[in-house]
Number of protein chains: 2
Amino acid sequence: MARYRVGLETRERILAATRRLLSEFGIEGVTLKAITDQARVGAGSFYNLFDSKDDAVFEVVREAIDAVDPDPAGVGSDSLADLVDAFVAFMTGSSPIARIYLQLAGRGLTDPAIAARVLRSHRRRVERFADAWQREEPQLPPEEAERRAELMLAALTGLGMTTLMDPSFDMRRHAQGLLPASATAAR
Amino acid sequence: MARYRVGLETRERILAATRRLLSEFGIEGVTLKAITDQARVGAGSFYNLFDSKDDAVFEVVREAIDAVDPDPAGVGSDSLADLVDAFVAFMTGSSPIARIYLQLAGRGLTDPAIAARVLRSHRRRVERFADAWQREEPQLPPEEAERRAELMLAALTGLGMTTLMDPSFDMRRHAQGLLPASATAAR
DNA sequence: TACATATTGGAGTGTACGCTCCATTTCTGC
DNA sequence: GCAGAAATGGAGCGTACACTCCAATATGTA
């Protein structure tokens, strides 16, 4: 839709505003007026660039889901500790995306379309954690590795929720407790 | 507000409708019209019994938060396995309350008032899990017991989210993996 | 039975929302 | 520099929402 440079810039301003509102006030805090005020743009400009309000929201939401896996193409050379670190950094970092991701998971409880997307990215992540477990303990049966990966991610998600609600919560310390003794010792 | 029998019954019908809508369609699925249609009640009757729509919603929400702890008065004689079982049963049971509880946690990410409530009930639950760990392994330092309790609850919360999004997910089996070998063997 | 008060449904109100329309301005390739 | 297309702001539209108002009716009490 956008063909000229100014249009593309405006598009970015709108997405930035949507990102900010989404993380700070949640899905119901994102109104068209809020977006256009924040982006300093008229409604007409918005609809020149997006088909609907949800169009912009979904774009940000897609970002959020993908961002949990910082290296989707990675063939999987990361260690367990690296993966845990990356997850913790994502949750405790200043990016609004983490908040959006967890809110989204909550929304997935009632919206099947969102649930499907969230689950798909979840599965991918479980795979990567399972691979890392295998590398950590090569004698582990694949099934057991996957079981542990699932538990680890569940715990990280739960810790993430706590840390976003309670800024004084030390997620990194707690997350270290998820690593096997071998990985912890190696740090 | 309700003084006569019929009024109290209507109140219950309204709360049941709110509960159902909340769990099935999420917070944004709860409109006044939806509630009054579902409860087969006019708007006037609703406002005769509740101060606002949110009044009814919060009542249900309070239920949901409390329901995670089935025995709040329990001095803590439950075993770890019992507590895990109770949590799993709560999540996988047919009650809409579990869905509401997790949606609520998601909402807590942007609403400080809700975050405070959720965190408070979370802390209570961590205490109970920590006590159970102490009973399971009496030589455990209290700090370590609390650390493990926190991780366990985080994992249960994460598994709960997955299981609510993916009905084919076997939460019970995964949750068993959280128990120490001693508790598992004793089952 | 008679009275006071609680309960009822639903038409009506004000407001906030997503979105359209369009006259005006800005941009870019030639 | 010009022409044609893109970008812009904001007034205005239709709709859905939470909530009010009130006349009619049901309920409990003495």
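Note that this is a predicted model, so its numbers are computed, not measured. Residue numbering restarts at 1 for every chain, and letters A, B, ... go by the order of the sequence lines.
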Participant: Expressed in angstrom and rounded to an integer, what is the separation of B/Glu9 atom CD from D/dA26 atom P?
Facilitator: 16 Å

Participant: In whole Å, I'd like the distance from the CZ atom of A/Phe50 to the P atom of D/dT8.
Facilitator: 11 Å

Participant: Return no unless some side-chain N or O of B/Ser45 is found under 4.0 Å from OP1 or OP2 of C/dT7.
Facilitator: no

Participant: Whole Å only: how far is the CZ atom of B/Arg13 from the C1' atom of C/dG9?
Facilitator: 12 Å

Participant: Considering only NZ, NE, NH1 and NH2 on the basic side and carboxylate oxygens on the acidic side, decide whether B/Glu144 and B/Arg147 come within less than 4.0 Å.
Facilitator: yes

Participant: Would you please classify the geometry between the A/Phe90 ring and the A/Tyr101 ring as parallel, tilted or perpendicular, with 30° and 60° separating the classes?
Facilitator: perpendicular

Participant: Can you tell me the distance, in whole Å, between the OH atom of A/Tyr4 and the P atom of C/dT25?
Facilitator: 18 Å

Participant: So does A/Arg5 get a side-chain nitrogen or oxygen closer than 4.0 Å to the phosphate oxygens (OP1/OP2) of C/dT28?
Facilitator: yes

Participant: Looking at A/Asp166 and B/Arg123, is any side-chain nitrogen of the basic one under 4.0 Å from a carboxylate oxygen of the acidic one?
Facilitator: yes

Participant: Quick one: label A/Thr31 by what it contacts on the DNA or RNA (base, sugar-phosphate, nothing), any heavy atom closer than 4.0 Å.
Facilitator: sugar-phosphate

Participant: Between C/dG10, D/dA11, D/dA7, spot the one nearest the side chain of A/Ala43, thanks.
Facilitator: D/dA11

Participant: Return the CD1 to CD distance between A/Ile14 and A/Glu59, rounded to the nearest 0.5 Å.
Facilitator: 11.0 Å

Participant: Taking NZ, NE, NH1 and NH2 as the nitrogens, is one of them in B/Arg19 or B/Glu63 under 4.0 Å from a carboxylate oxygen of the other?
Facilitator: yes

Participant: Write down the distance between NZ (B/Lys53) and P (D/dC19), rounded to a whole number of angstrom.
Facilitator: 7 Å

Participant: Given D/dG9, C/dC19, D/dC19, which nucleotide is nearest the side-chain atoms of B/Leu32?
Facilitator: D/dC19

Participant: With a 4.0 Å limit, can you tell me whether B/Thr10 has a side-chain N or O closer than that to the phosphate oxygens OP1/OP2 of C/dT7?
Facilitator: no

Participant: What is the distance from CG of A/Asn48 to C1' of C/dC21, rounded to the nearest Å?
Facilitator: 13 Å

Participant: What is the distance, to the nearest angstrom, from the CD1 atom on A/Ile27 to the P atom on C/dG18?
Facilitator: 13 Å

Participant: In whole angstrom, what separates A/Tyr47's OH from D/dG9's C1'?
Facilitator: 14 Å

Participant: Classify B/Gly7 by what it touches in the nucleic acid, base, sugar-phosphate, or nothing, heavy-atom distance under 4.0 Å.
Facilitator: sugar-phosphate

Participant: Looking only at side-chain N and O atoms, does A/Thr36 come under 4.0 Å of OP1 or OP2 in D/dG9?
Facilitator: no

